[in-house]
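In what follows, a single structure is set out as structure tokens and then discussed.
One-based numbering, in listed order, for ligands and for the atoms of each. Positions are given from 1, in the same order as the sequence printed here. All heavy atoms count here, side chains included; hydrogens, waters and symmetry mates do not. Everything numeric here is computed off the predicted structure, so don't read it as measured data.
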Amino acid sequence: MDKPYDFLIVGAGLFGAVFAREMSLRGKRCLVIDRRKHVGGNLYCEQIEGINVHKYGPHIFHTNDKNIWDFVNSLVRFNHFVYSPLAAYQDKLYNLPFNMNTFYQIWHSRSPQHVKIIIQNQINESGICIPKNLEEQAIKMVGSQIYEMFIKGYTEKQWGRKAKDLPSSIIKRIPVRYTFDNRYFNDTYQGIPIGGYNKLIDALLEKIEVRTKVDFFSDRIFFKEIADIIVFTGQLDEFYDYRYGNLEYRSLRFEEKILDRKYFQDVAVVNYPEISIPYTRIVEHKYFEFGNQPRTVITKEYPQEWLPGTEAYYPINDLKNNLILKKYAQLAKEEEKVIFGGRLAEYKYYDMHQVIASALAKSRVLNK
Ligand code: UDP
């Protein structure tokens, strides 16, 4: 007997929503379920004081891929927001990512050649040749002084691990420039959906049957019966009942405040790299959409270790976890009726454009 759906998509985040849209455009019967009470995964925004508050941390869309940019812009228009956070260190503000503005603020140097000599001397003193971990990679990129000021404390708070025990790939996300250019991302296309991320997700899921507050794990047997193929976007280790042990994630706690004043910090994000300050950043949400509301909403972000029952945010792609991942990935490979996708199911530190690319690629393979 025919099953009621071709695809059951577990998780209404970005991967699930893109995948569902692609398949339903091809006439497939899709059902999307999510255990949260809303769709959108970590992109979800809540309107507070007329401001779209990024409830699961700041999301700034950026890509170099024109096809991905055209894809999202065909669903909702994007504004021209460019991410340029600041770092607050010992009562002074510095520009990020590391660029001539930052170097000028630290060393009063206007010359890239001079800055390169300062940094090279610090690298030489450290004795690092081929970086083997995040700490060494960071020193190789910006020298030991900037590492100590802006990276060590932030990283060790963010990940709950020594920078020496983390992979170099994490710090390679951040550009270093010898020009006066404060754009956090190098990508050609950047912005925020006008009206917030919910507009993007709603457009993706427009014609699709969605049920929230439905937990796949509450009745797996039933859910396996109702669709030919399951698209799973949750935690890979949970799917396999943690049989090889659990993969580690970093979680976050958000402390949100409505302030009875128009502006708080005059910029969307200020990072706090000092280890003595328990949060990593303060987000002032109105700036993502150039808001002019009379009040403002801010969020302090406190990293914490993931425990069962809390939200998983960041996969920790260190050696230990990647070995466990290998075992789960082998099981996943053998599945004929299950597709895994997204940050949690692929256990990858994906940005949004990479999640979309993965969902498009996986849906297109099926159409061949
Ligand atoms: N990082 C840092 N200092 C900063 C910002 C970032 O040391 O002020 C490091 C930290 O290890 C962080 C990584 O760079 O985890 C990647 O930063 P990104 O801004 O990409 O993190 P996300 O926005 O994804 O949390």
Short version for Tyr184: what comes under 4.0 Å of ligand 1, heavy atoms counted, is side chain
*Among side-chain atoms of Asn182 and Asn99, is any donor-acceptor pair under 3.5 angstrom?*
yes
- Checking Arg250 against Tyr314: charged group under 6.0 Å from the ring centre and within 45 degrees of the axis? no
Closest heavy-atom approach to atom 23 (O) of ligand 1 among Arg281, His59, Arg173, Glu301 is made by Arg281
When distances are taken from atom 4 (C) of ligand 1, the protein heavy atom at minimum range is Asn271 ND2, 3.5 Å
Within 45° cone of Phe103 ring axis and under 6.0 Å: Arg177 NZ or CZ
no
Exercise for the section: Please say whether Ile171 places an N or O atom under 3.5 Å from an N or O atom belonging to ligand 1. Expected result: no
| field | Tyr349 N/O under 3.5 Å from ligand 1 N/O | value | yes
the protein heavy atom lying closest to atom 6 (C) of ligand 1 turns out to be Ile174 CD1, 3.3 Å
### Message
Quick check: is Ile282 connected to Tyr184 through a chain of hydrophobic side chains (ILVMFWY, heavy atoms under 4.5 Å apart)?
### Response
no
Please confirm whether Arg281 makes a cation-pi placement over Tyr272, using NZ or CZ under 6.0 Å from the six-membered ring centre and within 45° of the ring normal. no
Closest to atom 1 (N) of ligand 1 (heavy atoms only, candidates Tyr83, Tyr154, Phe98) is Tyr154
